[in-house]
Amino acid sequence: MEEMQYLGFFGIIKESIKIIFTWRKILSQISLALLSLSFIISAFSEISHFLMAKIHHDQRALNHTKADTLNFNKLSNLATSDIIELCLFTVASYVRKLIVSLLYTSTVVYTIVCVYTSRSITFGRVMSVIPKVWKRLMITLLWSFLALFIYIVNIIVTILICYLLFDLIHSPAIRLILGFILLILFLSGLVYISVILDLAGVISVLEDIYGLQAVFKSKNLIKGKTRISIAIKLLLTIGSMAIGIVFDVFMANGYGSGFLRLGDAVLGFLFLLFGLITQTVIYLVCRSYHDENIKKSALFLAKYVPLQVKDV
C-alpha cells in the first residue's frame with residue numbers, strides 16, 4: 001500500500017493494533033510457543049534471587065565469625081561457591097533472554113511481512129524461518145549491545161569530566177541547569193540509538209544484510225520518520241517500565257503469587273509483541289517513504305521475489 005508512507009504516530013499505532021486483532025490466531029500460537037521459554041527464564045531468575053539471599057546470609061554469618069577458624073573458612077568457601085553459581089546462572093539467564101529475543105523477533109517480523117505481501121501464513125512456515133535468519137539476527141544484536149556499551153561508557157566518561165568542570169562553577173542554579181541539559185541530551189541520544197538498533201534487527205530478518213551494515217542502513221532508513229519512530233519508542237519504553245514498576249510494587253508488598261507472575265509474563269510478551277509489530281510497520285513505512293523496493297520472499301523461503309513498494 002503506497003499510502004503507508006503517510007502514516008503518522010497514531011496511524012502506526014492503529015495499524016499495529018489492527019494487525020494484532022486481525023491475525024491474533026497465528027500471533028497467539030507464536031506467543032504460546034515461546035512463552036514456555038519465558039517461564040524458564042523466570043525460573044532462572046528465582047534461582048538467582050535464592051542464591052543472592054544465600055550469599056547475604058553467608059556474609060552476615062562471616063561478619064559474626066572469628067577469622068582464621070575452621071567455621072570461618074567453611075563459610076568463606078560456601079559464599080565463594082554461591083557467588084560462582086550466581087554468576088553462571090546470571091550468564092545463563094541472559095543467554096536464554098537472547099534466545100527468546102531472537103526467536104520472537106524473527107517469527108513476528110516474518111509474519112507481519114507475510115501479511116503485507118499477501119503470502120499464506122501457517123505456524124509451521126513461520127517457525128521454519130528461524131534456522132535461516134537467527135545467525136544474522138544474533139550478529140546484529142551483538143553489534144547492538146556493543147554500540148550501547150560504547151555509548152554508555154562515553155556517557156560515564158563525559159559525566160566524570162563534567163563533574164570536574166562543575167567544580168569551577170560556583171552557582172548552584174547554573175550547575176542544575178547544565179546538569180538537566182546534559183541529562184536530556186544523554187537520554188535523547190540513548191533513545192535515538194535504540195530506535196536505530198531496533199530497526200536494524202528488523203532489517204536483518206527482512207534483507208540480505210546484517211551486523212554493522214544493518215545498523216547503518218537503519219540510520220539512513222529512518223530519515224524523514226525519525227520523530228515518529230522516537231515517539232513510539234518512548235511510548236513503548238514508558239509502558240514497559242510501568243508494567244515492571246507495578247509488578248515490583250506488588251512483589252515488595254508480598255503479592256508475588258503464581259497468577260501475578262503469569263500476568264506479568266503475559267503482559268511482558270504482549271508489549272514485546274506490540275513493539276515488534278510497530279517496528280516492522282515503521283520499517284515498511286520508511287521503505288515506502290523512500291520509494292524503495294521490498295524483497296517479497298518472506299524471506300529465505302526459496303528465492304527473492306522483487307516487490308515494489310506500491311504493492312505492499
Side-chain angles (χ1 to χ4, degrees), residues 30-31 33-34 37-38 40-41 44 87-88 90-114 117 125-155 189-223 225-226 229 233 236-237 240 269 272-273 275-284 286-287 290 292-305:
I30 296 172
S31 298
L34 300 179
L37 291 177
S38 178
I40 294 175
I41 292 174
F44 269 76
C87 292
L88 292 175
T90 301
V91 171
S93 178
Y94 279 112
V95 170
R96 279 159 176 76
K97 288 180 181 179
L98 176 62
I99 292 173
V100 172
S101 178
L102 290 171
L103 297 178
Y104 213 34
T105 299
S106 57
T107 53
V108 172
V109 169
Y110 174 87
T111 300
I112 304 310
V113 169
C114 284
T117 54
R125 176 173 291 180
V126 169
M127 288 300 171
S128 69
V129 80
I130 294 175
K132 302 172 184 177
V133 301
W134 75 269
K135 291 182 180 179
R136 306 154 53 83
L137 184 55
M138 183 178 67
I139 293 173
T140 302
L141 288 178
L142 291 176
W143 275 107
S144 299
F145 292 150
L146 179 60
L148 283 175
F149 175 77
I150 293 173
Y151 181 75
I152 292 173
V153 169
N154 287 331
I155 288 178
L190 184 61
V191 173
Y192 176 67
I193 291 175
S194 297
V195 169
I196 292 176
L197 298 181
D198 287 344
L199 197 59
V202 178
I203 291 172
S204 299
V205 176
L206 301 179
E207 298 186 26
D208 195 23
I209 58 175
Y210 54 93
L212 278 178
Q213 284 184 304
V215 174
F216 289 127
K217 173 66 180 291
S218 174
K219 180 178 179 294
N220 294 325
L221 194 61
I222 66 170
K223 290 179 179 178
K225 297 292 182 179
T226 304
S229 301
K233 179 64 178 181
L236 295 173
T237 302
S240 179
F269 252 72
L272 178 59
L273 173 65
L276 289 172
I277 292 175
T278 55
Q279 289 169 21
T280 310
V281 174
I282 289 172
Y283 167 83
L284 296 174
C286 290
R287 293 299 299 260
H290 291 286
E292 295 184 10
N293 291 339
I294 297 176
K295 300 293 185 179
K296 183 190 177 179
S297 51
L299 298 153
F300 314 111
L301 285 179
K303 61 182 180 179
Y304 287 101
V305 181

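Separation of atoms OH (Y283) and NZ (K217) is listed at 6.0 Å; rounding is to 0.5 Å. Expressed to the nearest 0.5 Å, how far CZ of R136 lies from CD1 of I203 amounts to 11.5 Å. For the atom pair S218 OG and D198 CG, the distance stands at 8.5 Å (nearest 0.5 Å). To the nearest 0.5 Å, atoms CD1 (I196) and NZ (K233) are separated by 12.0 Å. Summarising the geometry, atom OH belonging to Y110 is positioned 11.0 Å from atom CD1 belonging to I130; distances are rounded to the nearest 0.5 Å. Distance check: T111 OG1 to L276 CG gives 10.5 Å after rounding to the nearest 0.5 Å.
Of the residues listed (V133, T140, T105), the one engaging S204 in a side chain to side chain contact (heavy atoms under 4.5 Å, CB included) is T140, and it is the only one. The only option from V215, L221, T280 that meets the side chain to side chain contact (heavy atoms under 4.5 Å, CB included) definition with L199 turns out to be L221.
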> Hey, mind stepping through L148 and L190 against side-chain contact (heavy atoms from CB on, under 4.5 Å) and telling me if it holds?
Replying inline: CA-CA 8 Å; L148 283 175; L190 184 61; 3.9 Å; yes

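For the pair I277/V281, a side-chain contact is recorded, criterion being any heavy-atom separation below 4.5 Å from C-beta on. Contact annotation: the side chain of I222 approaches that of Y192 to within less than 4.5 Å [non-hydrogen atoms, C-beta and beyond]. Here the side chains of W143 and Q213 are not in contact, with every heavy-atom distance at 4.5 Å or above.
Between S229 and I282 the shortest heavy-atom distance is OG-CG2, 3.6 Å.
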